[in-house]
Visitor: 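Dropping a structure here in structure tokens format, bear with me for questions.
Just so you know, these numbers come straight off a predicted model, no measurement behind them. Per chain, numbering begins at 1; letters A, B, ... match sequence-line order.
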Protein chains: 4
Amino acid sequence: MAKLQKSIDKRNALVNATIKLVNSNGFHETAMSKIAKMANVSPATIYLYFENKQDLVNQTYLEVKTKYTDFVFKNYNEKSSVTNGFEIIWRRIAEFTLNECDYTMFLNQCNNTPIIDEASRMEGIKHLQPLLDLWIRGKEEGTIKSYSDYMLYAYSINPLSFLMIAQKQYNFQLGEKEINEAFQAAWNSIKI
Amino acid sequence: MAKLQKSIDKRNALVNATIKLVNSNGFHETAMSKIAKMANVSPATIYLYFENKQDLVNQTYLEVKTKYTDFVFKNYNEKSSVTNGFEIIWRRIAEFTLNECDYTMFLNQCNNTPIIDEASRMEGIKHLQPLLDLWIRGKEEGTIKSYSDYMLYAYSINPLSFLMIAQKQYNFQLGEKEINEAFQAAWNSIKI
Amino acid sequence: MAKLQKSIDKRNALVNATIKLVNSNGFHETAMSKIAKMANVSPATIYLYFENKQDLVNQTYLEVKTKYTDFVFKNYNEKSSVTNGFEIIWRRIAEFTLNECDYTMFLNQCNNTPIIDEASRMEGIKHLQPLLDLWIRGKEEGTIKSYSDYMLYAYSINPLSFLMIAQKQYNFQLGEKEINEAFQAAWNSIKI
Amino acid sequence: MAKLQKSIDKRNALVNATIKLVNSNGFHETAMSKIAKMANVSPATIYLYFENKQDLVNQTYLEVKTKYTDFVFKNYNEKSSVTNGFEIIWRRIAEFTLNECDYTMFLNQCNNTPIIDEASRMEGIKHLQPLLDLWIRGKEEGTIKSYSDYMLYAYSINPLSFLMIAQKQYNFQLGEKEINEAFQAAWNSIKI
DNA sequence: CATGAATGAGGATTCATTCAT
DNA sequence: TATGAATGAATCCTCATTCAT
């Protein structure tokens, strides 16, 4: 009994094409037929893997977000001190954000426009739970300002997206030195 | 060159409708006919005021950006000290960003997606020239870290957009206290 | 203030094209583009006059049914005796059914398949109210069998559709003589 | 010529699924994949049994028509008198028409719309040959009006389909009494 | 200036049919 | 024989833009 398998490769090709095309053209300028062409499949094939365009983008979003989280907390050890822990996580986030431009831009676009189902986005910054936990510890032991999580995120994490875009779009390079500066700025804004 | 007999009211209505609809539905989900309806004009009338859809959005973007800049630097006096000057400007930006949600969200959407002509967006953060000048002074006199303008902007200004969105979308309130916290975080990240 | 009018001619052309094409190809084989072409308009124009394909067919159905009823009861006088009244109505129905083949076939197709919204069809044979009233009188005075309306309709009216189709499709002509035969058969089946 | 190793069960399942789905959704709303699903086979399997969709429906039509004829003339004895013979056949037709709703509806839909190849339908009412023969005898011996077969059919047989649909769709029940009424009406319309 | 009607080009999606196993 | 995957062609419908008044 030989059954064909829906190929995971095809699915990935579709997801990747979606990311690239949505990044460069925006969601609604990205025709399903173009996604199909870039993934080397027929338009109809997309519908074997995804329910419709919205579903394709939702799943792509969740997938990228998972990649992000997985990368960021891989190797992270909850036993580290708050100071160390923060720097470790921050540098992972920086690495992802600055190197995986496609992923970051895609997440950005999804977070700033109504192209994603409310449901898919709703979690907010919950996916960074270990970081939020670290902040709790930091606040308790007096290392980190007792700000709202949103505030801490806004000043210590979110700026990285802007820097990545600035690097991409304008004449601005992010080398070793700048990343260290960024870390200092981040840490200074939230440390006590 | 047609005389400006065209009603400025109608133009404004169109611009405002564009902002509202693009904010809630995104650029490509916003049909010209809906913009027309919301502005109480015929679709054809739009083309008396704007060349096409792209032009409408571009002009809207530039207009909002101008409103932003005008508001921010109104009353600003270049004679102030770096410390004072920064706080004054920052608080104006905060006021605009947090109160004029429609404008801010629209700018955000334009800055994070390819809905605006490269040309219209190209200026980057040049529109904040007086702030950039202040930063130069600050770096010279040793009050402000000698970071790139993009870095300074990323940590002291950009987070406000995120906070506004967090306030809109999640259960997070920005009162007097939080704004002061935000200012502290901003200042700590860039001050020497 | 010159306003253009949605042209009633265009609407009629669309309705007529629908009838013809649905008759010869069936509902789902009839592409909107073909209807448009036959009516000499752009496909998009259809949507100025009708909400969608379903609406187009529903409205066409109701329009044809109205034409039918109007034709049948024009000149009908409720004062006539049951016998006379029945013959008068019957002959009008026969005239319409046998001459207006397109209309009759269309009604037939709508009545025998699920191409019409339940709502649009729901009235059943209510549109023949004056005939139903006549039958009531006939039953009361003992001229007409006390059968259900459906039964009376099935035997005295409905056969005409079949005859029309037989005439169209097979080698069967309906002249003066045959129509008289049909009337006799109809009357004999329901008279007391 | 492939041996008939193909499962007759599967074929029947396909035919039955076709009948049910076409009845409730119409021909062109009935996707091959849905027929396959209802028959518990793969879409591809259909093409082992039928050339294509049209062939599937054509064969289904002929099969149902055969069931109809077989049922109607089973036990029929050509020796019966015209009067008796007609009643016997009529009652068999009535039984089939009123009980086998799925079959009847399917035949109806095929007869009233262009979903069947002209060729498959062409026989008209030839499949009722024993009845047509009976009518010939009836006309010769002066029991039955010398009408065209189509006329006789239209008034004595065809109304049953309408009654079945009325029963299905509207608030109208066909019990013993009504069936007898129907027979009287039928007979009265064609008897001399 | 202003408009409602009209449209052609294009997009998402479905489906009968074929292919590879 | 039987299948699930794959697809190209076709369909409905939308929309930015233009036209006629």
Visitor: Between dG11(E), dA16(F), dA16(E), spot the one nearest the side chain of Lys53(B), thanks.
Guide: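 Of the candidates, dA16(F) comes closest.
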Visitor: In terms of side-chain heavy atoms of Leu48(C), which of dA6(E), dA2(F), dT17(F) is nearest?
Guide: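 Per side-chain heavy atoms of Leu48(C), the pick is dA6(E).
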Visitor: Which is more 5' along DNA chain E, the nucleotide nearest Pro43(A) or the one nearest Asn40(C)? Just name the residue.
Guide: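 It is Asn40(C), whose closest nucleotide lies nearer the 5' terminus.
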Visitor: Between atom CE in Met32(B) and atom C1' in dG4(E), what is the gap in whole Å?
Guide: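 Met32(B) atom CE is separated from dG4(E) atom C1' by 16 Å.
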Visitor: Quick check: on DNA chain F, is the nucleotide nearest Phe27(B) upstream (toward 5') of the one nearest Val41(D), or the reverse? Name the residue that is more 5'.
Guide: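 The answer here is Val41(D).
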Visitor: Side chains of Tyr61(B) and Asn111(B): any donor to acceptor distance under 3.5 Å?
Guide: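 Note: Asn111(B) and Tyr61(B) side chains meet the donor-acceptor criterion.
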Visitor: Nearest to the side chain of Ser42(D), which nucleotide is it out of dG4(F), dA2(F), dT3(E)?
Guide: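 It is dG4(F).
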Visitor: I'd like to check Asp55(A) versus Asn52(A) (side-chain heavy atoms, cut-off strictly below 4.5 Å). Are they in contact?
Guide: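 In short, these two side chains touch, coming nearer than 4.5 Å.
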Visitor: Mark yes or no for whether Thr104(B), through its side chain, and Glu100(B), through its backbone, hold a donor-acceptor pair below 3.5 Å.
Guide: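 The answer is yes, because a donor-acceptor pair under 3.5 Å joins these two groups.
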Visitor: Round to the nearest Å and state the distance from Glu29(B) atom CD to dG10(E) atom P.
Guide: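 Atom CD in Glu29(B) sits about 19 Å away from atom P in dG10(E).
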Visitor: Please report the distance, rounded to the nearest Å, between CG in Asn52(A) and C1' in dC13(F).
Guide: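 From Asn52(A) CG to dC13(F) C1': 16 Å.
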Visitor: What's the CG-P distance between Asp9(D) and dA2(F), to the nearest Å?
Guide: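 That distance rounds to 11 Å.
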Visitor: If we count only N and O atoms by modelled type, under 3.5 Å, do the side chains of Tyr103(D) and Asn23(D) hold a donor and an acceptor together?
Guide: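 Per modelled atom types, Tyr103(D) and Asn23(D) side chains form no pair under 3.5 Å.
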Visitor: Could you check how far NZ of Lys37(D) sits from C1' of dC15(E), rounded to whole Å?
Guide: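 One finds 13 Å between C1' of dC15(E) and NZ of Lys37(D), rounded.
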Visitor: At under 4.0 Å, does any side-chain N or O of Thr45(D) touch on OP1 or OP2 of dT3(F)?
Guide: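 Yes, within the criterion.
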Visitor: With side chains defined as the heavy atoms from C-beta onward, is the minimum distance between Glu29(B) and Ser24(B) less than 4.5 Å?
Guide: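 Side-chain contact under 4.5 Å: no.
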Visitor: Under 3.5 Å for both distances, Watson-Crick or G-U wobble, that's the pair rule; now give the dot-bracket for DNA chain E, with | marking pairs to another strand and [ ] for crossing ones.
Guide: .||||||||||||||||||||
Visitor: Which is more 5' along DNA chain F, the nucleotide nearest Lys34(C) or the one nearest Ala44(D)? Just name the residue.
Guide: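 Comparing both residues, the 5'-ward one is Ala44(D).
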Visitor: Is the side chain of Lys10(C) donor-acceptor paired with the backbone N or O of Ile46(C) at a distance under 3.5 Å, no angle test?
Guide: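 It does not hold such a pair.
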Visitor: Counting just side-chain N and O atoms, does Tyr49(A) come under 4.0 Å of either OP1 or OP2 of dA5(F)?
Guide: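 Tyr49(A) to dA5(F) OP1/OP2: no side-chain N or O under 4.0 Å.
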Visitor: Rounding to a whole Å, what distance do you find between Leu56(A):CG and dT13(E):C1'?
Guide: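 From Leu56(A) CG to dT13(E) C1': 13 Å.
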Visitor: In this structure, how many angstroms lie between the P atom of dA5(F) and the CD1 atom of Ile46(A), rounded?
Guide: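 So the two atoms are 16 Å apart, to the nearest Å.
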Visitor: Taking the nucleotide of DNA chain E with the closest heavy atom to each, which residue, Tyr47(D) or Lys10(B), is nearer the 5' end?
Guide: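 It is Lys10(B), whose closest nucleotide lies nearer the 5' terminus.
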Visitor: Have Asn112(D) and Asn108(D) got a donor and an acceptor in their side chains that come within less than 3.5 Å?
Guide: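 Side chains of Asn112(D) and Asn108(D): pair found under 3.5 Å.
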Visitor: Could you tell me the separation between the NE2 atom of His28(D) and the P atom of dA16(E), rounded to a whole number of Å?
Guide: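 My rounded result for the distance is 9 Å.
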